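One is the number of the first residue; the rest follow in order along the sequence. Every value quoted in this text rests on a predicted model; they were computed, and no experiment measured them.
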Amino acid sequence: MGLGIRLTTVAIYKPIELISWNNLKLNDLSYEIIKLDKNQAKVKFKFIIQSEQNTAVEINFNQKIITQKLTKGINHFSIDETIHNPKLWWPNGMGKQYLYDYQFKIKQGNEQISKYLKFGLRTIELVQEKDEVGSRFYFKVNGIPTYMKGANYIPQDNFVSRVSKNDYEKLINSSVEANMNMIRIWGGGIYEDDYFYELCDEKGLLVWQDFMYACAFYPGDQDFLNNVKQETIDQVNRLKNHTSIALWCGNNEIDEAWKNWGYQKQMGWSKQDSLSIWKDYQTTFHHIIPNVLDSILPKSENRYWPSSPSIGWRRKESLTQGDSHYWGVWWGMEPFETYEKKVPRFASEYGFQGMPTLKTVKSMFSEKDTLSKNSAIILAHQKHPKGWETINEYMQRDYVVPTDFVQYNYVSQLLQARGIQLAIEAHRRAKPYNMGSLYWQLNDVWPVTSWSSLDKLGNWKALHYQVKRSFENVLISVEKEENVYKIYIVNDLLKDLKGKVKFSVVDFNGNTHWTNDKDVIILSNSSTKIMELTDEILKGSSSTKAFLRIEFESNGEKYSRNYFFEKPKDLALTKSTIKIKKISHNQFEISTNVLAKDVYLLDENNQFDDNFFDLIPNESRIISGKNTIQNLKIYSLYDTMNVKNQ
């Protein structure tokens with residue numbers, strides 16, 4: 001589970017039921033969308049009923065009563081339903097998540113079975129079309145190519161039975177608030193609770209569902225293969241009616257492990273051993289699982305991908321076809337800027353570590369302990385063998401490394417957010433070449449320094465706030481190539497945007513040194529390069545003391561972006577006076593006299609609607625907390641740079 005501790009647990013952790021019946025047993029009820037357009041939807045409800053005798057039943061649903069004859073044994077039959085003027089289900093950010101709620105009452109004599117079916121009307125296609133560089137990999141939802149924005153999900157606790165409905169709600173709501181529309185359930189975890197998928201249906205989060213096989217080679221004896229088949233049957237039948245299911249994926253990283261991780265050499269396997277292991281792999285992931293899917297799912301819902309990624313990140317083809325897990329950054333120690341050069345067709349994994357929030361860090365310690373990066377407790381809560389070494393190396397590249405623990409915690413979060421921001425924005429700028437960005441990872445199983453954006457207590461790290469910004473439907477982004485700044489506007493909305501873009505070079509005191517503007521039309525569902533600028537825009541201003549301000553207004557909506565010409569450690573920041581004006585018990589207005597970079601609002605018992613943001617002069621922000629604001633502390637990047645700028 002990424003950086004989970006090793007706990008050997010064996011137990012039945014879900015409810016045990018004793019099921020009894022008299023004459024009737026409903027073995028399965030599912031639905032298939034036969035036709036869907038703006039005028040009508042045709043839905044087929046499919047029943048599997050076990051009867052102890054030849055009989056007839058009444059099926060009551062949607063103010064209809066249908067009589068169905070049954071023979072003794074297993075009965076398969078279907079009922080057609082027409083829905084006029086259907087309301088579509090859309091992923092988060094594209095529209096509403098309308099769900100139709102049907103109750104079926106199946107009656108025979110005095111015996112009655114009731115079953116609820118809740119579903120959305122939508123179509124999903126996985127498109128893989130060859131093009132001039134390889135092949136595309138993207139999802140169409142309701143006929144529209146849809147950019148997938150999200151993260152990889154792991155179990156929420158090492159003891160999975162401790163996860164509550166409130167935990168699920170908190171996590172899914174945090175994902176929706178961060179503008180995500182897809183979650184990948186990682187194959188090294190568990191098949192999640194029904195409530196997880198119900199929330200995804202309700203909130204518009206599409207689910208990339210791995211089967212639970214990851215990073216290892218599995219047996220091929222008949223007993224194990226029978227188990228694989230039955231597990232697949234059970235899980236697909238359990239989950240198939242969820243509108244949110246977008247993809248079934250055979251495994252996590254086993255194909256890549258076989259081809260790129262050198263197991264054959266490390267384990268000393270003979271050619272015969274290797275042939276046998278690979279045959280077992282093919283049997284499980286290219287025969288058993290897809291055959292079960294073929295037998296259960298209608299063609300329109302049968303979207304299968306054998307292994308994620310399809311090609312290992314060290315091979316150039318991983319950037320031109322299929323999905324990619326790019327780990328040149330972090331594992332390969334490549335600079336963050338590599339993300340801008342290594343853009344795949346669909347990024348299903350990439351990531352960088354950051355510390356958990358201060359509140360979660362303190363939950364590891366007792367009151368008598370001293371917070372220290374070198375404490376045994378902190379070191380024990382970092383399971384990557386070179387984790388701290390890697391973080392420190394990247395931090396030295398981009399930031400002044402603080403010695404104070406609280407400041408180090410803060411900068412480690414900024415570092416993580418900076419890296420993933422570069423990746424997400426490079427992916428989105430490349431639309432439609434790239435059509436998905438799922439970072440590793442969304443959450444944690446215990447308090448730990450890890451790749452997550454939500455820590456174990458569900459608190460938002462700096463990364464989650466940045467993801468919220470980087471996943472907005474309208475994104476202004478800048479790509480630098482040598483001394484040229486390429487300005488893009490990415491529009492995921494299903495409408496064109498017409499308006500004016502204003503460009504300004506502003507110094508850290510709020511003085512404007514250069515301006516320009518341009519009328520633009522940004523097509524729906526597109527990424528558009530609107531301008532190229534050079535260093536000449538600085539007009540004698542220092543690149544360490546100024547930033548590029550980009551503002552776009554369309555139909556009364558305003559979007560903006562501040563782009564800094566240098567890395568954070570090279571900025572000539574000055575001490576700011578940050579003012580707070582209370583509005584209510586959980587809301588305040590914040591302003592500054594000079595640039596306050598990466599403002600960190602620290603209230604350990606609160607979560608704010610924005611945090612780790614740049615506050616510029618002559619601009620105020622209204623900030624809301626979820627709870628009453630009591631012990632607010634404010635930091636900015638200047639505070640971590642110590643002697644350098646004092």
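- Here the side chain of E604 pairs no donor or acceptor atom with the backbone of L358 at under 3.5 angstrom.
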Intermediate values then yes/no, side chain to side chain contact (heavy atoms under 4.5 Å, CB included), W388 and E393:
CA-CA 8 Å; W388 288 118; E393 166 65 25; over 6 Å; no
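- Taken to the nearest 0.5 Å, the CG atom of N152 stands 7.0 Å off from the OG atom of S348.
- For the residue pair R184/N252, the side-chain donor-acceptor check at 3.5 Å is satisfied.
- Summarising the local packing, CD of E482 is surrounded by 12 or fewer heavy atoms from other residues, nucleotides or ligands at distances under 6.0 Å.
- In terms of modelled atom types and a separation under 3.5 Å, the side chain of D157 and the main chain of F159 share a donor-acceptor contact.
- You'll find the side chain of L442 reaches within 4.5 Å of the side chain of S453, heavy atoms only.
- Between D610 and R621 there is a salt bridge, since at least one side-chain N of the basic residue sits less than 4.0 Å from a carboxylate O of the acidic one.
- F336 has its ring centre less than 6.0 Å from the ring centre of Y394.
- Not a single donor-acceptor pair under 3.5 Å links the side chain of T592 to the backbone N or O of L595.
- For K480, the NZ atom is densely surrounded, since the number of other residues' heavy atoms within 6.0 Å is greater than 12.
- Put simply, the side chain of K149 gets close to the backbone of F471: a donor and an acceptor are under 3.5 Å apart.
- Residues Y138 and Y147 place their aromatic rings such that the two centres sit no closer than 6.0 Å.
- Taking the six-membered ring where the residue is Trp, the centroids of Y153 and F196 are separated by under 6.0 Å.
- Atom NZ of K386 has 12 or fewer heavy atoms from other residues, nucleotides or ligands within 6.0 Å.
- Exactly one of Y350, Y433, F346 qualifies for a ring-ring contact (aromatic ring centres under 6.0 Å, His included) with H427. That residue is Y350.
- Ring centroid separation for the pair W248 and W208 does not come in under the 6.0 Å cut-off.
- Aromatic ring centres of Y213 and Y218: separated by under 6.0 Å.
- A salt bridge does not link K165 to D193: none of the charged nitrogens lies less than 4.0 Å from a carboxylate oxygen.
- Annotation: W278 is not in aromatic contact with F217 [ring centroid separation under 6.0 Å not met].
- Using modelled atom types, one finds no donor on one side chain facing an acceptor on the other under 3.5 Å when comparing Y600 with Q413.
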Worked verdict on N459 versus T360 for side-chain hydrogen bond (donor to acceptor under 3.5 Å, both in side chains):
CA-CA 8 Å; N459 298 313; T360 299; 3.2 Å; yes
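- Figure legend: K373 and Y408 shown as a cation-pi pair, the cationic atom lying under 6.0 angstrom from the six-membered ring centre and within 45 degrees of its axis.
- Put simply, the side chain of D444 reaches to within 4.5 Å of the side chain of Q441, judged on heavy atoms.
- Put simply, the side chain of N251 never gets that close to the backbone of F211: no donor and acceptor are under 3.5 Å apart.
- For the atom pair CG (D492) and CG (N473), the distance works out to 5.5 Å, reported to the nearest 0.5 Å.
- With salt bridges taken as basic N to acidic carboxylate O contacts below 4.0 Å, none links E479 and R428.
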Please report the C-alpha distance between Q264 and W258 in whole Å, then the side-chain angles of each, then the deciding distance to 0.1 Å, and finally whether the side chain to side chain contact (heavy atoms under 4.5 Å, CB included) criterion is met.
CA-CA 8 Å; Q264 295 93 323; W258 179 257; 3.3 Å; yes
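- Geometrically, K597 engages F564 in a cation-pi contact, judged by NZ or CZ lying under 6.0 Å from the ring centre and within 45° of the ring axis.
- Interatomic distance, Y439 OH to S452 OG, rounded to the nearest 0.5 Å: 8.5 Å.
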